[in-house]
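Shown next, in structure tokens, is the structure this report addresses.
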Amino acid sequence: MVGRIGMAGALVVALAACGGGGGEAAGAARPAERSPDAARSAATATAGATPEQTSGQSAGPGSGDGPAQGGVSARPADVRRVLAGMSLEEKVGQLFMPVLYGTAATTVSGENQARYGAQTPAKVIGKYHLGGVILFPANVKSVGQVVGLTNGLQKASPDVPLLIGTDQENGLVSRMGSLMTRFPGASQVGATKSTALSRAVARATGEELRALGVNLDFAPVADVNVNPDNPVIGRRAFGDDPAHVSRMVSAAVKGFADAGVAATAKHFPGHGDTDVDSHTGLPVIKHTRAQWERLDAPPFRAAIASGVDAVMSAHIVFPRLDPSGDPATLSKPILTGLLRNKLGFRGVISTDALNMAGVRKKYDDGEVAVRAVLAGADLLLMPNDFPKSYDAVLAAARSGRISKQRLDESVTRLLTLKHNRGILGGAPTASAAKAAEVLRSAEHRKLAARVARGGR
């Protein structure tokens, strides 16, 4: 995803990890149920174990060892209650996750005013009833500042707590890297061949994000990097063997669940065999359906089986899966036909950033947002023209082009994700003091060093 966080806000064309949003397993541990000290100890213990020792390990209700997604078929009472009390405008707002400008919820920014018609992040949240916000390096200055920012953002949404997401894949894409432990990226984790280390790194990453008030990570990358000329995935993938990538992705999903943070497998149906960057163009993948089943699908199947909360779409054309010429983000045969119906995914489908060139070739910004919802997407990440996108979805919902049932399905999935993460009844308050203990802890730095040594 490309995030243009420009001018006064000064996030210059940041490579937004080709990803934006995600969720976690149903019944996962709520923030209060797992202390930072206990979580760090568990991560360290797992890092020192063999895959065989950890394959059956459960860290409690958030362990992610089973496929426990939050789907429309499982509506907890609080999800039903919140949904029933929402206006149409509030439901539409839940679908959107933009980037906001400033280092505090009350920061006055001309960029916010120009893009959203409101000066501060808090006022933008209130104006559009946002379901979430994504953070970038321009939002990040210090541990105390980020804790204050996330607490302030949540305070601005008292009725329905926010998904606060970021792209923290580690390695090349590390939005919070200036504050967090510098874990090696997926290719180095994959090179260790250790699912225990994959799980431990994801758990430690999740613990640090949660300590900052971030509850959703747009990771792990589930693409199989089968094209050495791939300009956008490369070292962000665990490797080039589908079976190996599947094992590492499954372990990472479980690790994020251990930490109580939502994870997102990306980029469906598979961005591994492209030689065009979807940030600047529209890649076409020529795999047959049989090749897709063999090369691209296995890691997503593994993520779903492990209870991943969200799957992110790719802005790629896949003619053998959908001959329309539309990118997967706008393709009902791919998002609903394959991901929902064939693979059985019941969690949140997130778009990749909607300001990327790959999704804006054929339609304007409003139509892109509407078509993404009609295709099956639940979370609309970083629209290029936010007011136009919001207004278009709202108009489509009012006219019936997006049916009430279809809108309620997406809102239910998003609320269920929040319920499963333990935030729907009230967002937890992050603590700068506790965050200082968790971030860059000795245990996490030791884990990072071990991965960098190849697992030794």
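None of the values given here were measured: they were computed from a predicted structure.
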Legend entry - Heavy-atom side-chain proximity of R203 to F256 below 4.5 angstrom: no
Legend entry - Nearest heavy-atom neighbours spanning A302 and S246: CB-O, 3.6 Å
Legend entry - Pairwise side-chain contact, P220 with F238, heavy-atom cut-off 4.5 Å (strictly under): yes
Legend entry - Where V253 and S306 come nearest, the two heavy atoms and their spacing: CG1-O, 3.7 Å
Inset, instruction - Side-chain contact test, heavy atoms from C-beta onward, threshold under 4.5 Å: evaluate it for L379 versus M312 and give yes or no. - result: no
Inset, instruction - Would you mind reporting whether V308 and K254 have side-chain heavy atoms less than 4.5 Å apart? - result: no
Legend entry - Any side-chain donor near an acceptor of the partner, D365 and N384, under 3.5 Å: yes
Legend entry - Between CD on residue Q291 and CD1 on residue I285, distance to nearest 0.5 Å: 10.5 Å
Inset, instruction - Answer yes or no: is there a side-chain heavy-atom contact under 4.5 Å between K266 and R236? - result: yes
Legend entry - Euclidean distance, D326 CG relative to I316 CD1, rounded to 0.5 Å: 13.0 Å
Inset, instruction - For the residue pair R406 and S410, confirm or rule out a side-chain donor-acceptor distance under 3.5 Å. - result: yes
Legend entry - Distance-only polar pair, side chains of N170 and T205, donor-acceptor under 3.5 Å: yes
Legend entry - salt bridge (charged side-chain N to carboxylate O under 4.0 Å, His left out) involving K342 - partner list, sequence neighbours excluded: E293
Inset, instruction - Drop me the distance from K418's NZ to L216's CG, to the nearest 0.5 angstrom. - result: 10.0 Å
Legend entry - Donor on one side chain, acceptor on other, H444 and E208, under 3.5 Å: yes
Inset, instruction - To the nearest 0.5 angstrom, please state how far the CG atom of L83 sits from the CD atom of E90. - result: 11.0 Å
Legend entry - Interatomic distance, T150 atom OG1 to L162 atom CG [nearest 0.5 angstrom]: 10.0 Å
Inset, instruction - Taking all non-hydrogen atoms of both residues into account, name the closest pair between T181 and A448 and its distance. - result: CG2-CB, 4.0 Å
Legend entry - Intermediate values then yes/no, salt bridge (charged side-chain N to carboxylate O under 4.0 Å, His left out), E169 and R235: CA-CA 11 Å; E169 298 174 14; R235 288 181 291 162; over 6 Å; no
Legend entry - L295 to V224 - nearest heavy-atom pair and separation: O-CG2, 3.3 Å
